[in-house]
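For reference, the structure is listed below as structure tokens.
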There are 2 protein chains.
Amino acid sequence: MPGSSSERGPRERMVFSAAQLIRRDGVAATGMREVAEHAGAPRGSLQHYFPGGKRQLVGEAVDWAGRYAGNRVARFLAELSRTGTPTPSGLFAAMVRQWTEEYEAGGYGTGCPVAAATTECAATDADTRRAAATAFATWTAPVAAALTDMGVPATRAASLATLMISALEGAILIARAEQDSRALTTVVAELAPLLDGAAAPG
Amino acid sequence: MPGSSSERGPRERMVFSAAQLIRRDGVAATGMREVAEHAGAPRGSLQHYFPGGKRQLVGEAVDWAGRYAGNRVARFLAELSRTGTPTPSGLFAAMVRQWTEEYEAGGYGTGCPVAAATTECAATDADTRRAAATAFATWTAPVAAALTDMGVPATRAASLATLMISALEGAILIARAEQDSRALTTVVAELAPLLDGAAAPG
DNA sequence: GCGCTACTATGACCGCGGTCATAGCGGCCC
DNA sequence: GGGCCGCTATGACCGCGGTCATAGTAGCGC
């Protein structure tokens, strides 16, 4: 977890806390007061920093999550480059491993905040829905870019990036329900040859 | 949509309505009174049929969704068998098509109720979480069985079934966020060769 | 020191929603 | 026809939670 608490201003901490709580309990079950308390921020700051109310806070939490996921991809790539030549399956394995490690260490209490925002708000709140869409986009883009760098044709790179994130999101769901990381390890194992096959020219 | 309203008893209708509303708005945002009204059932019947309260109703809605998804698989297989020899990619395409058709016809307002229950309840409600896990199981099992029937080795069949459902769930998420069925058609296109490759012996 | 701006502090309001309590009603059996 | 049971009807309770109003404080420039 990044900047996991004190440093940074209270505003940013509240956005971060909102994302954390949404990850665990969903949007509706996450209260504003709860966010402030979790962030160690004064309750009065809520209406000051987020005059748009809960919608705004949730929106920024979703944005934050999207940027965070995108940045992680860059870190994974850097890490993979240090130890050898990055492969599509290696990248995907790194993305998934983040979840398996978290789950096996700390339990299956948390999911993806973007997924939560989508399932709960897509039908009723257009702004939040849009925020989720752009979050997925800012997550998918670096993945697709990385794939092209590895030799995947540009047209397929975007498709494979979507497939990777779809499979990851779905496996997260199943893993949480089953409280078992089986689904996560399964998708990475089954998808590996397909991903690496696309990288080899021809 | 099955038995889409009047026939069947009020109890079953309420379970069905609960699943519908959860699909659209999530668990927390779905009210008991709303369920009764949507089902055209008297409010007083709620505490009579579901003395366990909302937890019980949600649990049964999740169970129902799992059974429904499992039964759909059987129907898809029957349909595919009528027009030719079923293939793994054909089955997956049929599963996904159900969603693309619904989305393109009626908008992107609804998702998977099991997904909603998982994201919102997994951390706090063990019973609902278990219900979601068994729902995924009763959905995955017929898919895996179908794959083995098509010549996929038993060990891989279960894995591929999990991959299919993961990819589908994730693509549903992205499609709802983007209000575009692109993600759904993408995963079916990209996964097709992998799935059919597993069916060919060797 | 005055005043302005950024931030904090609280309490109140008000609707929503799950749950409980209590009572009415319609059959069906004996 | 009396009683029991499956079902319905309603109203009340009560906590939660988002939002608003209103006021207080701290720093800083002039």
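A, B, ... follow the sequence lines: proteins, then strands. Residue 1 opens every chain.
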Pairing donors with acceptors under 3.5 angstrom, does anything connect the side chains of [X] and [Y]?
X	Y	result
B/Gln56	B/Glu60	yes
B/Thr30	B/Asp25	no
B/Arg182	A/Thr162	yes

Without decimals, in angstroms, what is the distance between [X] [atom1] and [N] [atom2]?
X	N	atom1	atom2	result
B/Leu57	C/dG18	CG	P	10 Å
B/Tyr49	D/dT8	OH	C1'	10 Å
B/Arg11	D/dG6	CZ	P	14 Å
B/Leu46	D/dA9	CG	C1'	12 Å
A/His48	C/dT10	NE2	P	17 Å
A/Gln56	D/dT19	CD	P	11 Å
A/Met14	C/dC7	CE	P	10 Å
B/Arg13	D/dT8	CZ	P	9 Å

Query raised in the report: Which of these, A/His38, A/Glu12, A/Glu34, sits in a side-chain hydrogen bond (donor to acceptor under 3.5 Å, both in side chains) with A/Ser17?
Result: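 Per the side-chain hydrogen bond (donor to acceptor under 3.5 Å, both in side chains) rule, the option paired with A/Ser17 is A/His38, out of A/His38, A/Glu12, A/Glu34.
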Could you tell me whether [X] and [Y] make a salt bridge, using a distance below 4.0 angstrom between a side-chain N and a carboxylate O?
X	Y	answer
B/Glu120	B/Arg129	no
B/Arg97	B/Glu104	no
B/Glu190	A/Arg156	yes
B/Arg55	B/Asp125	yes

Query - Phosphate OP1/OP2 of C/dT8: any A/Ser45 side-chain N/O under 4.0 Å - result: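 So the side chain of A/Ser45 is within the cut-off, an N or O lying under 4.0 Å from OP1 or OP2 of C/dT8.
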Requested in this report: Could you list by number each residue of residues 24-41 of chain B showing a heavy-atom separation from DNA chain D of less than 4.0 Å, or answer none if no residue does?
Outcome: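 Going residue by residue through residues 24-41 of chain B, the ones with a heavy atom under 4.0 Å of DNA chain D turn out to be B/Arg33.
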Query raised in the report: Donor-acceptor pair, A/Ser45 side chain versus A/Ala41 backbone, under 3.5 Å?
Result: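 Answer holds: no.
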What nitrogen or oxygen pairs link the protein and nucleotides 20-25 of chain C at under 3.5 Å?
unit_1	atom_1	unit_2	atom_2	d
C/dA21	N6	B/Gln47	NE2	2.6

